[in-house]
Amino acid sequence: MLHYRGRAKRVLESLGIQDYDRIRVRRGRLTYEGILIPRPEILDDDHIILKLDNGYNVGISLNGAEIELVKRSSIIKEERAELGRFDPRKPKVPLIVTGGTITSRVEYSTGAVKSYERPEELLDKVPELADIAYVEYVPLFAEFSENLTKDHWTRIAEEVYKMLKGGAEGVIIAHGTDTMHYTAAALSFMLRNLDKPVILVGSQRSIDRPSSDAVLNLIASAKMAAEGEIADVMIVMHGSPSDEFAYAIRGTRARKMHTSRRDAFQPVNEPPLALVSRNSIKVINPRYRRRVKGESHVFLDAKMDDKVALLYVWPGMPAELLSDVADRFNGFVLAGTGLGHTPKWIIPKIKEIVGMGKPVVIASQCLFGRVDLKVYETGRRLLEAGAIPADDMLPEVALVKLMYVLGHTKDMDEVSKMMRANLSFEIGSRISLRDFPPCWGVCNGL
Amino acid sequence: MDYRGLGLKVGLEIHQRLKTHKLFCGCPSHLREDEPHQWVKRKLGVSYSELGAIDPAARFESIRARDFFYGVYHDTTCEVEIDEAPPVPLNREALEISLQIAEMFNMEVVDEVHVMRKIVVDGSNTTGFQRTALVALGGDFSAISTKWGDVRIATLCLEEESAYIVESKPSYAKYRLDRLGIPLVEIATYPDIWHPDQAKEAALKIGRMLRATDRVLRGIGTIRQDINVSIEEGARQEIKGVQELDLIPKIIEREVQRQLNLLKIRDAMRGRGLGEGDFNQSVRDVTHLLVESKSKLVRKALSSGKKALAVRLPGMKGLLGVELQPNRRFGTELSDYAKVFGGVKGILHGDELPGYGISEEKVSAVREELDCQGDDNFVIVLADPDSGKLALQAVLDRVKQALKGVPNETRRALPDGNTSFLRPMPGSARMYPETDILPVITRPYLEVVRSVRVKTPEQVIGELVEGYGLTEELAWELFDSEKDRLFIRAYLENKGLPSRFFASVLTGLMKSLKREGFDVDRISDKHLLDIATLLAKGELAKEAVEEVLKGIAQGKYKDVLQYLREARISDQELERVVDEAINRLEAKIKEKGERAFSAVMGEVMKVVRGKVDGAKVSKLVRRKIKEKLEEVS
Ligand SMILES: [Zn+2]
């Protein structure tokens, strides 16, 4: 194998050199010797990368370089200490792997990142898991979460269903963090009558680093899945920048609110369900489905219509955009401004689309708070036009829910009724004053 | 000592902080003394297979169990330092400076710089790794010359400074994040150095070249040396954190001494027919034998719930007391291991007992309990049972290593020139690419660097001699003590400054005050500039400078003006002192006339030295003598 392209590929191929071969390069006053490292595709084809014996990688220009093969690739399989074992007497908790950095490890001889192959490898990094659960490893697919579609959600839901019916006490899903909250919402709607915990977990710092949020996140997830009372779909990730506790956040209320922080996931319009530390689970929010002992009575209802769009309203948004979208989709969610408003000139267009039998749901790009279309003229006219308010649902949750609803009915009255009904705690009746986390003043003692 | 014959090999690693913002974020390279605004608690999740150290199981457990606290400053550190955001692209100015330095040393710059992650598990980086990049390589063409021969520069790396350690306990460590991420270059030489003094000269020359760029940070802690030392039959040691150049030869001499003594211990052990199998000893609880002990040390430990654990060291009698370095015995080395691996406070061993209030009788009881015969020795620790067992196991392991000679270690430089054990020398560093940072092609930066002329240290000195009327020796002293820029500023701001005198204040006087134990850290650049101003205006006597500085160092004066207010003698006062001296020496003046001047002068200066300009005193003394003589005649 040779992961080089263009000029570098031609040069290396002509010398019969492959990835990880030991080579010698004379260039200028220096002679380099080391292992040829594959070159990431985004980089140019004028340099090769060598890992020198002191461990450093350097890039060497091909201009004027004399290259020779010293030795064929002879990567010694890295010595791995004996791995621990899971105890089958502990609660059975399958770990469904869908991608993300929570099950990746580095081969130091090459710098390559590989995925775990066996559950025991987890114990190398997180030995605490063995005390909590009997973890089975279920590799489902390996995909960055930004590439997931409705079909992936369905596959995950089917797998979870199978596991719960097979006697699992709870299920953990290892998932990339970007769209984890979309998957969480989808599972919340698809897994009906849920009576065991279903946990989505990921890491903002990949587990191959010595400092990774994955360790605490996995421990907390296993704890919630094996011992927790809450039988909902939840995201369990860091609750602060410290490795001290995680929050269990309801799948229909969670949102990734920071690009990189460990505590990026925040609940919107309700408190977290629970605070989970290494040793304890403290329930914060009493609104949850309770775990039922013994056999699971969950059923799967994965019918979805993914011809649904989510549009962000902006000042000056042209009305024609809605026609274009309406042509290609069966319904859409508008993340409106403020209480759920849109420019006045698109309201006739909305009326027209609703008239075609395509639902238009209005959420708010404020995220926090409730959509209210009765306060101002614009809102009232939106209601008259047939728009459906998303209440206190997140725009992303409204999107996933609309897919689910349209998977079940195209009847506009029925759609409206279902969208406004609370199916999986995605809609609440009250928002407490403390449920607004961007509390700069409070956090800074002002 | 015949260092050639011993096969002494020394290599240097010099770390120098650069004068620019942090390497992977926009924060300033600003060090803090105040309490951080927030503490974040973290764990390190290293795995067995990643660690691969000498005692993986124990090390693995102890690292995982340890809490690390990081002090955040909201105004000068950001999400990057606390590892809540990925690094931003490599600081281009830092790269330029490191390329400039590489050029100065005539090194070969790599075509494309790749940032790596070097695994570090002591918590000194929030990520668990240090970001480091190899920027340039050297060879025969990049040697610096010394009196003892050439020393080749091997590598130049650009890397991030670690976090500043505030507190370290076996169960936790606290770090501040102000220092984390400050760019530094690491310059490593080949082990071409064969004489202790050569190491100092090489370090001095490298340091001078770095300073000549004027793009590196100056002051305490901004440059530090690690020294790699080995002798033929011994083993390579990495000695960390040498901050004073003058200490380098002593550290090397004492390391050689230590290795030679360890070899003697090895030979003695072999001579006594000892083998590794002799040290598979089990740990015994001897608490019951020591409960009644009069030793304060023992009583204090036992009353706080600790146990006394002991282990037999067959055939080792007398060897634990062997001095390896002045005041450091083989027992001290064992104690270091017990501290590092078991987190205990130290050990007690048979070669220092009876002692510490432990009686002969108690010692016999312990020996009996352990079945010690003839020349058997033993070690006791006072600790909780788990730590104590780890500590004694580490002691046994270290004694086994003594049979082979000198183990490879990372050691810490102590202020007296000795070294203490820090950790086993890591195997080859665990390094993998930093995927958050794109590689950088160096050519465009190299072109910029090559367009700028950089002065050599010799050129900097030449300018000081030419432009400011200094001797070459004084100029070097100013440059080496990093006071050259302060001097130039004082010179330019103060017409009429006695430049040589002021230069000697900055160098010789400051050095001697420090040697005498004055707290010279209290003397700021502002103080020194004020002195220059007052000297130039003639408002402060040269003789007074030493007293002003001493007073400031002692906290007696907060600034130079305060000294002038409180200590300066008024004209009237001076006149009174002179009159008194003349009256006292009246007889002598009558006898010798004006030749009595020096006697009177001496008497007066005893009282007013440093408080008034000497020239003024002599003028007054001459006048008064004349008056006196006129008066008597
Ligand atoms: Zn920063």
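Just so it is clear: chains get the letters A, B, ... in the order the sequence lines come, proteins before strands, and each one is counted from 1. Bear in mind the structure is a predicted one, so any value in this text is a computation, not a measurement.
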Notebook entry, point to check: What's the shortest heavy-atom distance between Ser211(A) and Arg42(B), and which atoms?
Noted result: OG-CD, 4.4 Å
Check: Between atom CG of Asn57(A) and atom CE of Met431(B), what is the distance when rounded to the nearest 0.5 Å?
Finding: 9.0 Å
Next item on the list: Quick one: closest heavy-atom pair of Val215(A) and Gly45(B), and the distance?
Entry: CG2-CA, 4.5 Å
Item checked: Ile37(A) side chain near His114(B) side chain, heavy-atom distance below 4.5 Å -> no
Check: With only heavy atoms counted, which part of Asn106(B) is less than 4.5 Å from chain A, the side chain, the backbone, both or neither?
Finding: both
Notebook entry, point to check: Are any non-hydrogen side-chain atoms of Leu216(A) and Lys43(B) less than 4.5 angstrom apart?
Noted result: no
Checklist line | Asp67(B) side, atom CG; Asp243(A) side, atom CG - distance, nearest 0.5 Å | finding: 9.5 Å
Next item on the list: Write down the atom of Leu30(A), the atom of Phe141(B), and the distance for their closest heavy-atom approach.
Entry: CD2-CZ, 3.8 Å
Next item on the list: Please flag which part of Thr442(B) lies under 4.5 Å from any non-hydrogen atom of chain A: side chain, backbone, both or neither.
Entry: neither
Check: Is it true that atom OH of Tyr137(A) has more than 12 heavy atoms of other residues, nucleotides or ligands lying nearer than 6.0 Å?
Finding: yes
Item checked: Segment of Leu43(A) engaging chain B (4.5 angstrom heavy-atom cut-off) -> side chain
Next item on the list: Could you have a look at Gly28(A), Gly59(A), Pro40(A), Ala264(A) and say which one has the most heavy-atom pairs with chain B under 4.5 angstrom?
Entry: Gly59(A)
Checklist line | Minimum-distance pair of heavy atoms, taken over all atoms of Tyr56(A) and Leu134(B) | finding: CD2-N, 3.5 Å
Checklist line | Full working for side chain to side chain contact (heavy atoms under 4.5 Å, CB included) between Ile441(B) and Asp44(A) | finding: CA-CA 10 Å; Ile441(B) 292 177; Asp44(A) 67 32; 3.5 Å; yes
Notebook entry, point to check: Going through the distances and angles, do Lys51(A) and Tyr432(B) end up as a side chain to side chain contact (heavy atoms under 4.5 Å, CB included)?
Noted result: CA-CA 9 Å; Lys51(A) 189 179 181 71; Tyr432(B) 64 108; 5.6 Å; no
Note to self: Under 4.5 Å from any heavy atom of chain A, what part of Val113(B) do you find: side chain, backbone, both or neither?
What the structure shows: neither
Check: Which residues satisfy the side chain to side chain donor-acceptor pair (under 3.5 Å) test with Ser242(A), sequence neighbours excluded?
Finding: none
Checklist line | Heavy-atom pair count under 4.5 Å with chain B, highest-scoring of Arg261(A), His47(A), Arg27(A), Arg29(A) | finding: Arg29(A)
Checklist line | Atom pair OG1/CG of Thr155(B) and Leu52(A) - distance to nearest 0.5 Å | finding: 10.5 Å
Next item on the list: Taking the side chain as every heavy atom from C-beta outward, state whether Arg205(A) and Thr126(B) have any atom pair closer than 4.5 Å.
Entry: no
Next item on the list: Answer with side chain, backbone, both or neither: which region of Ser212(A) has an atom nearer than 4.5 Å to a non-hydrogen atom of chain B?
Entry: neither
Note to self: Taking every non-hydrogen pair under 4.5 Å, which of Val120(B), Asn125(B), Val40(B), Thr127(B) racks up the most with chain A?
What the structure shows: Thr127(B)
Margin query: Side chains of Leu438(B) and Ile42(A), heavy atoms from C-beta outward: is any pair under 4.5 Å?
Written below: yes
Next item on the list: Measure Val58(A) against the heavy atoms of chain B and call it side chain, backbone, both or neither at under 4.5 Å.
Entry: both
Check: What residues of residues 79-88 of chain B sit under 4.5 Å from chain A when only non-hydrogen atoms are counted?
Finding: Glu79(B), Ile82(B), Asp83(B), Glu84(B), Ala85(B), Pro86(B)
Check: Under 6.0 Å from the CD atom of Glu41(A), do we count more than 12 heavy atoms belonging to anything else shown?
Finding: no
